[in-house]
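Here's the structure, in structure tokens; my notes come after.
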Amino acid sequence: MYLETVKIKNFRGYGCNQNREDGFFVFDDLHNDLVIFNGFNGFGKSSFFEAIEWGLTDSVSRLKNFEDIYNKNDLKKSYHLKFFHPSKRDSDEREICVILQFTNGLKLTRKSKSISIGFGNSDNYESTFYAEKDGYSVEDSFMDSLVKDGKIDSDKFIKSHLLGQESINHFIRSNRPEERRAIFMDMLNLNPLYTLYSEIKEYKRSGAITSEINKLESEETSSQNNIEQVDTFLEGRDFGSVSDYLNRIDQKREELKELVNRYSDSSEEKIQDSKVTSQKINSQGLADFNKFIDKESLRLNKLHTSQTDKLNAYKRIKETISRINELKIIEANYRKTAAYKFLLENSYTGIYSEITENVGDYWSSKKIIANQASKEKELIKLKTKLETAIQFNEDENISSHFINNLEQIIRDISLLKDFLVENTELSNEVKNVNRVVSFLEDTDWSNLEKQRKNLNEQLNESYRDIELIDHKIKSASTLNDTYQSLLLEMRNYIDSKGEALDECPVCLSQYLDDAPLSFTEDEPFYHKLLKIIDFTTQQGNEQVKELVETKKSMKVVEGITLDNLDKINEQFNEKALQIKQLITSVLDKSITYFSNLKVEGKELKKSAVDSFKKNRQKLRDLKKTIVELLGEQVKVDNVDRSNIREKIKELNEERSEWLEKKKSNFNFIEDPSISDILFETKELLNKDGVGEFYPEKTELLNKKITRSSKDLKVIEVLIEKIDEILKIKMPDDYLKMVIEYGKLEDKTNSIRDKISLLRQQQTQMNSDLQSLSALQEEAIESRLKNHPLIQWVYKAINPHPFYKNLIISSEKSGTNFKDEEENIVLDQIFSSAQLNVLALSVFLGLGLNNSTSKLNHFFLDDPIQSMDDINVLAFIDVLRGVLDSKMNKKMIVSTHDDNFAKLLSIKMRNKNTTHFKFENYTSEGPLYGKV
């Protein structure tokens, strides 16, 4: 089977072929004996071989090596897989596609839009792969078409067929001897042997058996330590054996259960929640019992705290109530003392007299309020009347309304004066009223009004005359304008006719003696007509001027009349405004005065009512105090006050004694007042829980204190018993050991047996590893040490003058290339050209002998690197020898050397040869053609 056609698009150095509709760069006739790729470096020869590798393996070994050299973020942005156009920047639209077609009908297609191997357009590399043969999908078994047993992977398959520029030296130098052995084992179809060896060696290297042995030894030590720790723990507590310890724990359980049963019914707290098991404690029940004890200890301690808090709260409430009772004693003393003082200071006769006086004040205040309200009402009515009469319109100046109501205004003001004279507090307002009366009486209002009317009549007459003059001026001006226009037309007409005119064109008369002008005898007729027209025009303008002068004179008279009228109005307005302001001020102040008197009356009334209520209550308090202190038999108006002072003295002595003993208990800095006592009592009553029991349920509080104290004792007894158990409780670290104590020795013995078995397996593994290593060494020694094809290629090219024979040795470290005496490792001393020959020898020798691959193609990318002419000629002979042999092998060779390509074509002229010449490189890839 041979590779027949390769199609490439958007891969590495190949973009989109502009000469094909599908855009592929197509290389066909690859199944010929020899295919030559010839062109400058960078024109796409290596990309051709990498396309074959990527199509088969989804990877390019040379590109994968970048991951060990470049930063990952740089590789993400590197277009080292997808073709990148230098100017179009259209990489997102491009899709990589490589198609491989073989002579047996197998067709492989691989596509991707990722820009880089292992990274893609973001962080994920993706590709799609299609394999078909004769039109059927064979994606799961396509390697069966390439390899006889289908077991070799695609990566190793490529290595056995493709020798690239960089892989030539990498095959010899970069691979460690051990890795080189793996490659040879694979090429010799001994992969199962090497795989078994590698798996055993890797298993040994992982240290799994050693790790398991160490783990078991640790478990053995731990198990033994557990036994010793349990024994030490029990010996330290004088328990003897585990059985003795369990009996002791069970005894404590019984004691705890008996206490719980004894107290569960006598307590209001939930002691019965202590559900102690009735089963005897054994090793299996020990863990549960320990958990119960821990939980019960926590519960009872919480209950103890809660019960203690409750009891203390009850005691605090009782203490608070006791303090309240103490304060009630001193409060009663204060109140009794105050009652005796009240009785001493007040009598029935005195209080009743004050009540009578309060009633009199009440009725007096009612009369005052009514009187002042009446006066206030009359003044408001008078104010409204006067304001209406005095009103005048300032825009019209003097008001006829004011003049017409003058007599009524004078009468109302006199009435106001009489009203105010009765109140001495309003003397100033009386004076202001007198000023108003003087204004009214001293001013000749009728004469002012008469002057105003005369001036108004004169002014109106002036307005009419001026209006008439304006009409005449307007008429004269309108007539004059029309007449003047006609005269002008007539003048122009006469002037145009001149001496030919012998009669008036208007009246058609030749008679001009009535004209107001004189003419000479020889003066032409038309001259006379022109003089008459000029005279008439002048007379019309003089009439308008005369009327305008007359109007000016009349305007002067109008202005004088207006000035006189303004003076009269100003005089009137000034006097009227003074009257209005004085009257308004007097009325406002007077009304306010009587309104205030009314308010004072209301306050007096309120004071009388308040005093009445206070004295009435005082009288009731007096009656109540007499009953409380002296008894109901004593009459209110018959109280003996002779011994009241002695009673007050006794109460003061009792209070002083109380304060001396108890004042400091309440943090009073000085002797408290009754207000201080009441405030402190209120504060105590507001404390939590006091209101629940004070004052009626203090006995219930005492019962609760007694019951809580009893419950607390019960809880303390149970806690004491729990604490006894806790002292001997097995710690958690030992608990599991005690439970498993009986099994510990069996477990230890079992662990020891496992360790012994593992050591045997370890010994057997080392023995097997040595045997497999020896088998590999023997296999490589027997098959490769004097491999005929490798030796034939090596000797044919003859890279070194002294080391003419190549020995492939197999040692413990791996596979090496040595001289004939096996003293010198050749890959350590050879030059690049010599290493190139060494790589070609191994590659071709093993490849020619490869019986597992169905592909009879070799791919050599620029194989003559650094070779001299003799080596090149020898290499061509080797290629011809391969093609002439019966091995049916075919070659695809690339070279940058034109001479080598030409020489190769000449040497192979009797073979079926395909020659691709790469002529140039464009922005979309190479330009090439068949030679």
Side-chain angles (χ1 to χ4, degrees), residues 381-417 432-484 539-588:
K381 182 178 179 181
L382 185 59
K383 179 183 178 183
T384 303
K385 188 176 180 181
L386 283 170
E387 285 178 345
T388 303
I390 296 174
Q391 279 183 353
F392 61 91
N393 190 337
E394 293 182 2
D395 293 336
E396 298 176 358
N397 295 315
I398 298 175
S399 172
S400 59
H401 177 78
F402 178 79
I403 299 298
N404 295 334
N405 288 283
L406 188 60
E407 293 181 2
Q408 182 60 45
I409 291 171
I410 293 172
R411 285 196 298 272
D412 290 339
I413 290 175
S414 298
L415 180 62
L416 174 62
K417 179 180 178 182
N432 288 329
V433 171
N434 290 333
R435 288 176 62 192
V436 172
V437 173
S438 297
F439 275 127
L440 292 170
E441 292 176 350
D442 294 344
T443 303
D444 190 353
W445 299 99
S446 299
N447 184 43
L448 285 173
E449 177 63 11
K450 184 177 180 180
Q451 292 179 29
R452 186 186 70 79
K453 287 182 178 181
N454 290 335
L455 288 171
N456 274 329
E457 289 177 359
Q458 293 175 16
L459 189 61
N460 290 333
E461 185 178 353
S462 177
Y463 288 154
R464 287 193 296 273
D465 292 343
I466 290 172
E467 185 178 358
L468 181 61
I469 291 296
D470 285 337
H471 179 71
K472 288 180 179 182
I473 291 172
K474 184 176 180 182
S475 298
S477 297
T478 303
L479 178 62
N480 195 37
D481 290 343
T482 305
Y483 192 42
Q484 290 285 351
Q539 287 299 314
N541 290 335
E542 290 297 330
Q543 183 183 4
V544 173
K545 288 180 180 179
E546 184 180 345
L547 289 171
V548 170
E549 290 299 325
T550 303
K551 180 180 178 180
K552 286 182 179 179
S553 300
M554 295 177 72
K555 277 290 185 181
V556 172
V557 174
E558 177 189 350
I560 294 170
T561 306
L562 280 173
D563 290 341
N564 292 333
L565 184 60
D566 288 341
K567 289 177 182 179
I568 293 297
N569 285 333
E570 184 179 349
Q571 184 180 358
F572 179 87
N573 288 342
E574 181 180 355
K575 290 179 178 294
L577 185 61
Q578 288 178 348
I579 291 169
K580 182 178 181 181
Q581 289 175 344
L582 283 171
I583 289 299
T584 301
S585 175
V586 168
L587 286 168
D588 288 344

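Residue numbers start at 1 and run along the sequence shown.
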Of all residues at least two apart in sequence or in a different chain, which pass the salt bridge (Lys or Arg N to Asp or Glu O under 4.0 Å) check with D465? none

Taking atom CZ of R464 and atom CG of L459, what is their separation to the nearest 0.5 Å? 10.0 Å

Where do E457 and N454 land on the side-chain contact (heavy atoms from CB on, under 4.5 Å) test, with the steps shown first? CA-CA 5 Å; E457 289 177 359; N454 290 335; 4.3 Å; yes

Full working for side-chain contact (heavy atoms from CB on, under 4.5 Å) between N432 and R435: CA-CA 5 Å; N432 288 329; R435 288 176 62 192; 3.7 Å; yes

dist K385:NZ -> L587:CG (nearest 0.5 Å) comes out at 12.5 Å

Contacts of type side-chain hydrogen bond (donor to acceptor under 3.5 Å, both in side chains), residue D563, not counting sequence neighbours: none

Rounded to the nearest 0.5 Å, the CG atom of D412 sits from the NZ atom of K381 at a distance of 10.5 Å

Separation between CG (L382) and CD1 (I583), nearest 0.5 Å, reads 8.5 Å

Which distance, rounded to the nearest 0.5 Å, do you find between the CG of N460 and the CG of L455? 11.0 Å

